[in-house]
S.K.: 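Just dropping this structure here.
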Amino acid sequence: MARPGGYEAAEQQRQQVLSRQQERHYRLLAELQALVKALPSACQQRLSYTTLSELALALLDGTVFEIVQGLLEIQHLTEKNLYSQRRQLHSEHRGLKQELFHRHKEAQQCCRPHNLPLLRAAQQREMEAMEQQIREEQRMMDEKIVLELDQKVIDQQSTLEKAGVSGFYITTNPQELTLQMNLLELIRKLQQKEAEAEKAFP
């Protein structure tokens with residue numbers, strides 16, 4: 001049978017943990033309230049005391065900070081990768097245009113003068129067809145980029161919703177997206193503050 005003193009010690013320890021958590025919750029909440037003041041007023045109105053209090057609770061153990069950090073790293077890698085794919089396509093297109101231009105120039109130099117107008121008209125059509133194809137490929141690349149970035153947003157919303165972060169759920173509503181972006185920014189700023197505080201008081 002457990003000694004009564006053992007139970008009291010465990011209870012006392014539990015109370016200390018709760019007390020520390022409560023202090024941390026109040027501190028996080030106060031910092032969030034201070035950070036919210038920098039946001040546009042329309043956004044401030046939507047971030048009620050309850051929402052901020054729930055957000056502070058979700059941030060207590062630091063897991064959400066790690067999740068957000070991971071999500072942002074994935075997003076940056078995706079953006080970098082898509083940007084480099086777009087640059088690659090642009091460079092390929094430039095090469096194709098130069099190649100065609102040189103081919104046309106050579107053909108014109110070998111052409112008999114009386115056939116030149118016909119050749120130039122045919123080359124013009126070929127150049128226009130290539131321009132059209134390039135525009136189409138660029139449009140498809142841009143659509144692919146938008147779709148991939150939209151998918152990343154959905155992944156972020158879903159991950160943060162599962163982690164129990166207040167204000168996050170899958171939506172395409174522009175107002176809600178703005179609010180979620182502001183919430184992410186608050187979490188990021190708070191994370192930086194926490195990291196700085198840890199450096200100052202190791």
S.K.: Could you walk me through whether Glu194 and Lys189 pass salt bridge (charged side-chain N to carboxylate O under 4.0 Å, His left out), step by step?
M.R.: CA-CA 9 Å; Glu194 293 270 295; Lys189 283 183 175 166; over 6 Å; no
S.K.: Between Glu73 and Gln69, does the side-chain hydrogen bond (donor to acceptor under 3.5 Å, both in side chains) criterion hold? Intermediate values first, please.
M.R.: CA-CA 6 Å; Glu73 281 167 16; Gln69 187 63 37; 3.2 Å; yes
S.K.: Do Glu31 and Arg27 meet the salt-bridge criterion of a basic N to acidic O distance under 4.0 Å?
M.R.: yes
S.K.: So how far is it from Asp150 CG to Ile145 CD1, rounded to the nearest 0.5 Å?
M.R.: 12.0 Å
S.K.: Does the pair Leu71 and Lys152 meet the rule for a side chain to side chain contact (heavy atoms under 4.5 Å, CB included), with working shown?
M.R.: CA-CA 9 Å; Leu71 290 173; Lys152 279 286 158 280; over 6 Å; no
S.K.: Quick check: do Gln132 and Glu128 have side-chain heavy atoms less than 4.5 Å from each other?
M.R.: no
S.K.: Show your working on side chain to side chain contact (heavy atoms under 4.5 Å, CB included) between Phe65 and Leu190 and close with a plain yes or no.
M.R.: CA-CA 9 Å; Phe65 287 140; Leu190 204 51; 4.2 Å; yes
S.K.: Ignoring hydrogens, what is the shortest heavy-atom contact between Ala58 and Gly164? Give both atom names and the distance.
M.R.: CB-O, 3.9 Å
S.K.: Please indicate whether Met127 has more than 12 foreign heavy atoms, meaning atoms of other residues, nucleotides or ligands, lying under 6.0 Å from its CE.
M.R.: yes
S.K.: State, yes or no, whether a side-chain contact exists between Tyr169 and Gln180 at a heavy-atom distance under 4.5 Å.
M.R.: yes
S.K.: Should Asn173 and Thr171 be marked as a side-chain hydrogen bond (donor to acceptor under 3.5 Å, both in side chains) after you check the CA-CA gap, both sets of side-chain angles, and the distance that decides it?
M.R.: CA-CA 6 Å; Asn173 177 324; Thr171 177; 5.2 Å; no
S.K.: From Arg24 CZ over to Ser19 OG, what is the distance, rounded to the nearest 0.5 angstrom?
M.R.: 14.0 Å
S.K.: If you define the side chain from C-beta out and look only at heavy atoms, does anything of Ile187 sit under 4.5 Å from Val165?
M.R.: yes
S.K.: One pair to check against side chain to side chain contact (heavy atoms under 4.5 Å, CB included): Leu32 and Leu47. What are the steps and the verdict?
M.R.: CA-CA 10 Å; Leu32 281 171; Leu47 291 169; over 6 Å; no
S.K.: Just how far is it from atom OH of Tyr83 to atom CD of Glu79, taken to the nearest 0.5 Å?
M.R.: 12.5 Å
S.K.: Quick one: which of Arg103, Lys105, Gln98, Lys97 gives a side chain to side chain contact (heavy atoms under 4.5 Å, CB included) with Phe101?
M.R.: Lys105
S.K.: Report whether Leu183 and Val36 are members of the same hydrophobic cluster (ILVMFWY, side-chain heavy atoms less than 4.5 Å apart, transitive linking).
M.R.: yes
S.K.: Provide the closest heavy-atom pair for Leu177 versus Thr172 in the form atom of the first, atom of the second, distance.
M.R.: CD1-O, 3.7 Å
S.K.: Using modelled atom types and a 3.5 Å cut-off, is there a donor and acceptor pairing between side-chain atoms of Ser91 and backbone atoms of Arg87?
M.R.: no
S.K.: For residues Ser158 and Lys162, determine if any side-chain heavy atom of one lies less than 4.5 Å from a side-chain heavy atom of the other.
M.R.: yes
S.K.: Side chains of Leu184 and Gln156: closer than 4.5 Å at any heavy-atom pair?
M.R.: yes
S.K.: Donor-acceptor pair, distance only, cut-off 3.5 Å: does the side chain of Gln123 make one with the backbone of His104?
M.R.: yes
S.K.: Under a 3.5 Å distance rule, please check whether Thr159 uses its side chain to pair with a backbone N or O of Asp155 as donor and acceptor.
M.R.: yes
S.K.: Would you check if the side chain of Gln44 reaches a backbone N or O of Lys37 as a donor-acceptor pair within less than 3.5 Å?
M.R.: yes
S.K.: When you group the ILVMFWY residues by side-chain heavy-atom contacts below 4.5 Å and let the links chain together, are Leu72 and Leu82 in the same group?
M.R.: no
S.K.: For the side chain of Thr78 and the backbone of Ile74, is there at least one donor-acceptor N/O pair under 3.5 Å apart?
M.R.: yes
S.K.: When rounded to the nearest 0.5 angstrom, what is the spacing between CD in Gln13 and CG in Leu18?
M.R.: 11.5 Å
S.K.: Could you give me the CA-CA distance, side-chain angles and deciding distance for Glu176 and Arg46, then say whether side chain to side chain contact (heavy atoms under 4.5 Å, CB included) is met?
M.R.: CA-CA 10 Å; Glu176 294 303 311; Arg46 301 218 31 222; 2.6 Å; yes
S.K.: Let me check something: do Ile67 and Leu28 share a hydrophobic cluster, defined by ILVMFWY side-chain heavy atoms less than 4.5 Å apart, either directly or through other members?
M.R.: yes
S.K.: Considering only heavy atoms from C-beta outward, does the side chain of Tyr49 approach that of Leu29 to under 4.5 Å?
M.R.: yes
S.K.: Please check if the number of heavy atoms outside Gln192 that lie under 6.0 Å from its CD is greater than 12.
M.R.: yes
S.K.: Between Gln12 and Glu8, is a side-chain hydrogen bond (donor to acceptor under 3.5 Å, both in side chains) present by the stated rule, with each step listed?
M.R.: CA-CA 6 Å; Gln12 200 174 4; Glu8 281 169 22; over 6 Å; no
S.K.: Is any side-chain heavy atom of Leu55 less than 4.5 Å from a side-chain heavy atom of Thr51?
M.R.: no
S.K.: Rounded to the nearest 0.5 Å, how far apart are CG of Leu118 and CZ of Arg112?
M.R.: 13.5 Å
S.K.: List the steps, then state whether salt bridge (charged side-chain N to carboxylate O under 4.0 Å, His left out) holds for Lys193 with Glu196.
M.R.: CA-CA 5 Å; Lys193 276 188 149 187; Glu196 283 161 19; over 6 Å; no
S.K.: Can you find a pair of side-chain heavy atoms, one from Val64 and one from Val68, that are under 4.5 Å apart?
M.R.: yes
S.K.: In this structure, which one of Glu131, Glu136, Glu137 forms a side-chain hydrogen bond (donor to acceptor under 3.5 Å, both in side chains) with Gln133?
M.R.: Glu137
S.K.: Hey, what do you get for OG (Ser166) to CG (Leu160), rounding to the nearest 0.5 Å?
M.R.: 11.5 Å
S.K.: Following the transitive rule for hydrophobic clusters with a side-chain heavy-atom cut-off under 4.5 Å over Ile, Leu, Val, Met, Phe, Trp and Tyr, establish whether Leu89 and Leu149 coincide in one cluster.
M.R.: yes
S.K.: So does Thr178 get a backbone contact from the side chain of Asn182, meaning a donor-acceptor N/O pair under 3.5 Å?
M.R.: yes
S.K.: Considering all heavy atoms of both residues, which atom of His25 and which atom of Ala56 are nearest to each other, and what is their separation?
M.R.: CD2-CB, 3.5 Å
S.K.: Is Asp142 salt-bridged to Arg139, cutoff N-O under 4.0 Å?
M.R.: no
